[in-house]
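See below for the structure under consideration.
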Amino acid sequence: MIDLALLRRDPAAVRAALARRGVDPSDVDALMELDAEHRIRLQYAEELRSEVKGLSRQVAAARKSGDTALAEELQLKSRSLGHDERRANAEAETVADEVRRELLVLPNLPDEEAPDGTSEADNVEVTRWWPGIEDGHDAPEYADFQRVAHWDIGESLGILDFERGARLSGSMFPLFTGWGSRLLRALSAYSLDQHVGVYTEVRPPTLVLTEAMTASGHLPKFVDEAYAVERDGLWAIPTAEVPLTSMHRGETLVESALPLRYCATTPCFRREAGSAGKDTRGLLRVHEFDKTELFAYCTSAQAPGVVADIRGRGEAVLRAFGLQYRVLDLCVGDLGLQNARTFDLEVFAPGVDRWLEVSSVSWYRDYQARRANVRYRPTDGGSPVVAHTVNGSVLGWVRVFAALIETHRQADGSVVVPEVLVRYVGTDRIETKD
RNA sequence: GGAGGGAUGCGAGAGUGGCCGAAUCGGACGGUCUCGAAAACCGUUGUACCUUCUGGGUACCGUGGGUUCGAAUCCCACUCCCUCCGCCA
């Protein structure tokens, strides 16, 4: 959520920043009015409370001096005042709830440098890479044998089994078998090894409390996107970002420990409720997929550097795999609710002839950390400051898997394993079993 | 799942209805002393919110309710931690 103090101090700036991403200025004004009303009611309730406390002290004094009659008179007075106070407090609390509710769904202020625009068509491509580009080679021409969709490759090599996956969990739950399972495991193992020493590896729980989902911004707005284990009040995480954001929920960190960096590979669960019927084939869009996430709590000054670092790590992995990719600077209209700035990494999958989003590197400013109440104490000794959070996928493995087997498919139908992955996979080539 | 014990400020730990936002000790920070340091002594040391702001007020003693003129203290529910038993990868 955004900073209410900022809204009070400079409403025009907040209105303008949010207008860039299509928020109606009157929504902002409505919130300000609610906030003003809350403060008036709060003040009134607190005054009453103060009087009750004063009377109570007088009761104590009267009893001490043995003046029972006076004490009882004061008690009576205080009792009725207490009723008023209770009511005033409840009223103030009701308004406070409304403010909170509005604040939770109000999007983050976009970074000034995020490009203008209203839809994904306005995203700005900032980088494109393919093998050999450094030596002046043109973009690759893909051979016919690379123009085979991964679901066909997967079937012929016996590494993907969508039919049996559906038997287990319904459609859009892929089943990786044999070398496929091995390759998938290799992808995240390789990636995690690249970040050792800089990002602390974590294996968090994948079922989390409502508080964790709210802190990262996935609730309340995206309830329909999440799988819920209602009986136990738990949610299946849509990304490791959720547990990583809440790891330090409610803590006050020390500035010298920042940036505090973590990486984690977890399964990610998404209902894809809004996209029923779209991209249902193969691995393009699935309900459960493995993803490696990099995450950092940092200061506002450190944030841009961390964004660049995570993005660079994502790009490095794609380059090591020899996959063509591009980086998009998301326009304000395509930015996620919580994000101030986002770079998407898209890998090219020649078999399906599409760019696949495999990473989103986002800077949240203090929007998530305020919800999660993660602050740090500045080295110079001032009061605690709300931290900034940055995260990005490195990478979403199921889609990388698709692009990889399509790109590296050979004329004989086998798939060559990228050099860096050979020791993780245990073979340099995946061939038909027989 | 069963039985018992516990949760208080940075840490340890007192407080069982009325100046308790909280004793005491320790830590940290500042100062006195010293050539310097140690020791000793003195002082400071939570967070959030409201405000008519050199000030005033409110909340917070695991969480949420309740009793009371008044709750860290009494009552109820829940959560987490520890010990033991059962079950289990």
Side-chain angles (χ1 to χ4, degrees), chain A residues 1-9 11 31-104 203-215 229-235 243 246-257 260 267 366-367 369-387:
Chain A
M1 65 184 106
I2 65 160
D3 187 3
L4 251 187
L6 173 70
L7 177 61
R8 287 175 199 154
R9 203 180 330 119
L31 177 59
M32 283 190 71
E33 276 170 39
L34 266 182
D35 175 49
E37 186 188 342
H38 169 241
R39 280 187 289 170
I40 289 167
R41 289 181 185 275
L42 179 66
Q43 208 182 326
Y44 177 59
E46 285 186 353
E47 266 167 36
L48 290 176
R49 178 78 185 140
S50 179
E51 283 181 51
V52 169
K53 284 180 77 169
L55 285 173
S56 293
R57 263 190 291 268
Q58 290 178 43
V59 171
R63 288 216 180 277
K64 211 172 209 171
S65 65
D67 192 344
T68 315
L70 178 63
E72 277 171 10
E73 189 193 325
L74 289 168
Q75 276 177 223
L76 225 59
K77 209 166 146 193
S78 180
R79 190 178 307 168
S80 81
L81 213 55
H83 286 304
D84 296 345
E85 183 258 328
R86 233 172 263 222
R87 184 155 17 86
N89 225 326
E91 283 169 3
E93 205 39 52
T94 304
V95 182
D97 275 340
E98 283 175 56
V99 171
R100 253 190 300 273
R101 226 182 355 255
E102 293 300 316
L103 209 51
L104 278 179
R203 180 34 256 243
T206 47
L207 295 180
V208 299
L209 299 169
T210 301
E211 288 87 329
M213 289 288 277
T214 306
V229 186
E230 278 181 55
R231 180 177 158 142
D232 298 291
L234 294 169
W235 303 81
S246 276
M247 251 176 82
H248 292 281
R249 181 150 42 91
E251 291 185 30
T252 302
L253 310 166
V254 290
E255 183 174 357
S256 58
L260 199 54
D366 56 5
Y367 189 89
R370 180 169 293 107
R371 286 173 171 237
N373 192 23
V374 177
R375 297 172 300 161
Y376 65 88
R377 191 173 292 283
T379 308
D380 62 27
S383 8
V385 178
V386 179

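Protein chains get the first letters and strands the later ones, always in sequence-line order, with residue 1 at the start of each. Note that these values count all heavy atoms, side chains included, but never hydrogens, waters or copies made by symmetry.
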When you compare [N] with [M], how far apart are their [atom1] atoms, in angstrom units rounded to a whole number?
N: B:G5; M: B:A59; atom1: P; value: 33 Å
N: B:U52; M: B:G43; atom1: C1'; value: 34 Å
N: B:A28; M: B:C78; atom1: C1'; value: 37 Å
N: B:G26; M: B:C60; atom1: P; value: 31 Å
N: B:U79; M: B:C29; atom1: C1'; value: 36 Å
N: B:C10; M: B:C61; atom1: P; value: 13 Å
N: B:G62; M: B:C80; atom1: C1'; value: 8 Å
N: B:A23; M: B:C76; atom1: C1'; value: 30 Å

Which base sits across from B:A12 as a Watson-Crick or G-U pair, both distances under 3.5 Å? B:U24
Opposite nucleotide pairing with B:C41, Watson-Crick or G-U, both atom distances under 3.5 Å: B:G31
Under 4.0 Å between any heavy atoms, over every strand shown, what does [X] touch: base, sugar-phosphate, or nothing? Just pick one.
X: A:Lys64; answer: nothing
X: A:Leu42; answer: sugar-phosphate
X: A:Arg377; answer: sugar-phosphate
X: A:Arg57; answer: nothing
X: A:Ser78; answer: sugar-phosphate

When only distance counts, do a donor and an acceptor, one from the side chain of A:Glu47 and one from the base of B:U51, lie under 3.5 Å apart? no
Taking only side-chain nitrogens and oxygens of [X], does any of them come within less than 4.0 Å of OP1 or OP2 of [N]?
X: A:Lys53; N: B:C20; result: no
X: A:Arg8; N: B:C50; result: yes
X: A:Arg375; N: B:A48; result: yes
X: A:Arg49; N: B:C49; result: no

Working for salt bridge (Lys or Arg N to Asp or Glu O under 4.0 Å), residues A:Arg101 and A:Asp97: CA-CA 6 Å; A:Arg101 226 182 355 255; A:Asp97 275 340; 5.8 Å; no
Map A:Ser50 and A:Ala60 onto RNA chain B by nearest heavy atom, then report which one ends up closer to the 5' terminus. A:Ala60
Tell me yes or no: between the side chains of A:Glu93 and A:Asn89, is some donor less than 3.5 Å from an acceptor? no
